[in-house]
Amino acid sequence: MKALITAILFLIHNIAIAQWVSSTPNFGDTISISAIDVLNEDVIWSAGYRQFVKDNEYGPQETDSAYISITKDGGLNWKSNSVPLGKKPIITSICSIDQNTCFIAGLTNYKQAKVLKTIDGGKTWSNAFSPNFGLGNSWVNFIHFFDLNHGIVIEGGQTNGFSIFLTENGGINWTLINSDSIPNSNLGEFILGADAYGDHVWFSTSDARVFRSTNGGISWAVSNTPLQYLLGLSFADQKNGIGSFGYIANMIIPTEMIITSDGGINWDRMNIDALGDSIIVFGYEYIPNSTFILLTTCKGSILTGYFATWVSPDRGITWQQISTGENIHWPTFISPTIGWGGEGQQFSHKT
């Protein structure tokens, strides 16, 4: 069993022909991919951590390291290293600058947020974030760089509201955005997912709201959605995006999807009836600068399948099933023809 899968997807005349090709980043088969960043068709960074595995639940193990792996030749060869996050680690977000420099956002003990940086391809790591996160449970959700100098960190635990930090010098110094620039969080509301395109940034919350910025995170507005809970977001450009609500811990909840065409101001339900009943969407990607949406799904046990991959060529109006059998999370594309997805740890790969 391979720990990472690269997707090569050919989209010609609205007919999807897909092939998932396995590639192993030297993690071992008991590592679950938790984040992927595709710098270009040759350089791909991936992150993962070892989990405990139950019939319908994943979870971070108590004493294992998180791992990072990089390929510089499109997946032919990988170099992997551990990341010093501490016990019960999770890497929640990854942002690479070049083939040697990368930032990761993560957690220790499932609640203590950290941001680390490497400048030597993952061999060594340093603390890249001087401001302290909030007291109590702190969950850093997202790190992204708009260019070499300008970056953003989004943090939102259940006890301290939302915190957004910006850097203008490549992460050397960070500035906390004034809370007056961010609409208030509701009691107990926390951040679940985020995405960025150009200078636009979005994040989703447990109250199914979408916060959006059109100026690199300096100021924010908020919109409601038709859902009760909103796990994550994916935008193809500054206008077109999707969101998802589905699997949470060991709760099997059929997925609901929403879609926007005005940058996240208004949201409508996306019809995924063609995928069948009780479908759980593990991964989703609104493929950049295109009309194509890719979903990776599960029906039945989240660990043993039935797994499938679906593509819509027309912004979610029609769907085609293009492969079966791959338990794929975090699909990440740089074009309609090249993308990557990480394998979730299989039930048969208990530690």
Side-chain angles (χ1 to χ4, degrees), residues 7 9 11 35-38 92-93 95 141-146 152 154 156 162 164 182-183 189 191-247 255-272 275 279 281-297 309-319 329-336 339-341:
L9 182 66
L11 305 170
I36 297 173
D37 190 39
V38 183
T92 59
S93 181
C95 180
N141 302 81
F142 187 64
I143 184 166
H144 176 78
F145 275 78
F146 307 99
I152 185 170
I154 299 176
F162 308 146
I164 297 172
I182 311 169
E189 184 179 21
I191 299 171
L192 286 163
D195 199 12
Y197 185 96
D199 59 357
H200 287 50
V201 192
W202 305 262
F203 66 82
S204 60
T205 78
S206 56
D207 286 359
R209 298 199 295 170
V210 174
F211 288 70
R212 64 188 188 278
S213 171
T214 60
N215 54 13
I218 296 173
S219 61
W220 294 81
V222 64
S223 299
N224 295 317
T225 75
L227 303 183
Q228 295 181 326
Y229 201 88
L230 187 54
L231 288 174
L233 302 166
S234 176
F235 276 78
D237 50 43
Q238 294 179 349
K239 296 293 185 182
N240 295 283
I242 56 175
S244 172
F245 166 50
Y247 168 73
T255 296
E256 298 178 84
M257 302 288 298
I258 54 175
I259 190 166
T260 182
S261 59
D262 60 10
I265 300 173
N266 297 288
W267 294 86
D268 297 309
R269 292 182 182 271
M270 188 168 67
N271 187 350
I272 57 173
L275 280 61
I279 288 293
V281 175
F282 269 156
Y284 41 92
E285 173 82 338
Y286 210 142
I287 297 176
N289 302 311
S290 80
T291 62
F292 287 89
I293 299 172
L294 181 140
L295 305 179
T296 60
T297 66
T309 304
W310 297 78
V311 164
S312 171
D314 49 20
R315 303 191 190 277
I317 298 174
T318 62
W319 293 93
H329 302 226
W330 317 111
T332 305
F333 280 70
I334 57 172
S335 74
W340 292 75

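All values derive from a computational prediction rather than experimental measurement.
- No side-chain heavy atom of Phe211 sits less than 4.5 Å from a side-chain heavy atom of Ile191.
- Closest non-hydrogen pair, Leu275 versus Ile279, comes out as O-CG1, 3.2 Å.
- Taking Arg209 as the reference, Glu189 meet the salt bridge (charged side-chain N to carboxylate O under 4.0 Å, His left out) condition, with sequence neighbours excluded.
- The environment of CH2 in Trp202 is crowded: more than 12 heavy-atom neighbours from other residues, nucleotides or ligands sit within 6.0 Å.
- With sequence neighbours excluded, the residues forming a side chain to side chain donor-acceptor pair (under 3.5 Å) with Ser213 are Asn215, listed by chain and number.
- The side chain to side chain donor-acceptor pair (under 3.5 Å) search around Ser204 returns none, not counting sequence neighbours.
- At a threshold of 4.5 Å between non-hydrogen side-chain atoms, the residues Thr332 and Asp37 do not count as touching.
- When side chains are defined from C-beta on, Ile258 does not count as touching Phe245, because their heavy atoms never get closer than 4.5 Å.
- Rounding to the nearest 0.5 angstrom, the gap separating the OH atom in Tyr286 from the CG atom in Leu294 is 13.0 Å.
- For the residue pair Met257 and Val281, the shortest heavy atom distance occurs at SD-CG2, 4.4 Å.
- Proximity of Phe333 to Asn289: side-chain heavy atoms (C-beta onward) are nowhere separated by under 4.5 Å.
- Counting only heavy atoms from C-beta outward, the side chains of Gln238 and Asp199 approach each other to under 4.5 Å.
- The only option from Phe203, Trp220, Phe142 that meets the ring-ring contact (aromatic ring centres under 6.0 Å, His included) definition with Phe162 turns out to be Phe203.
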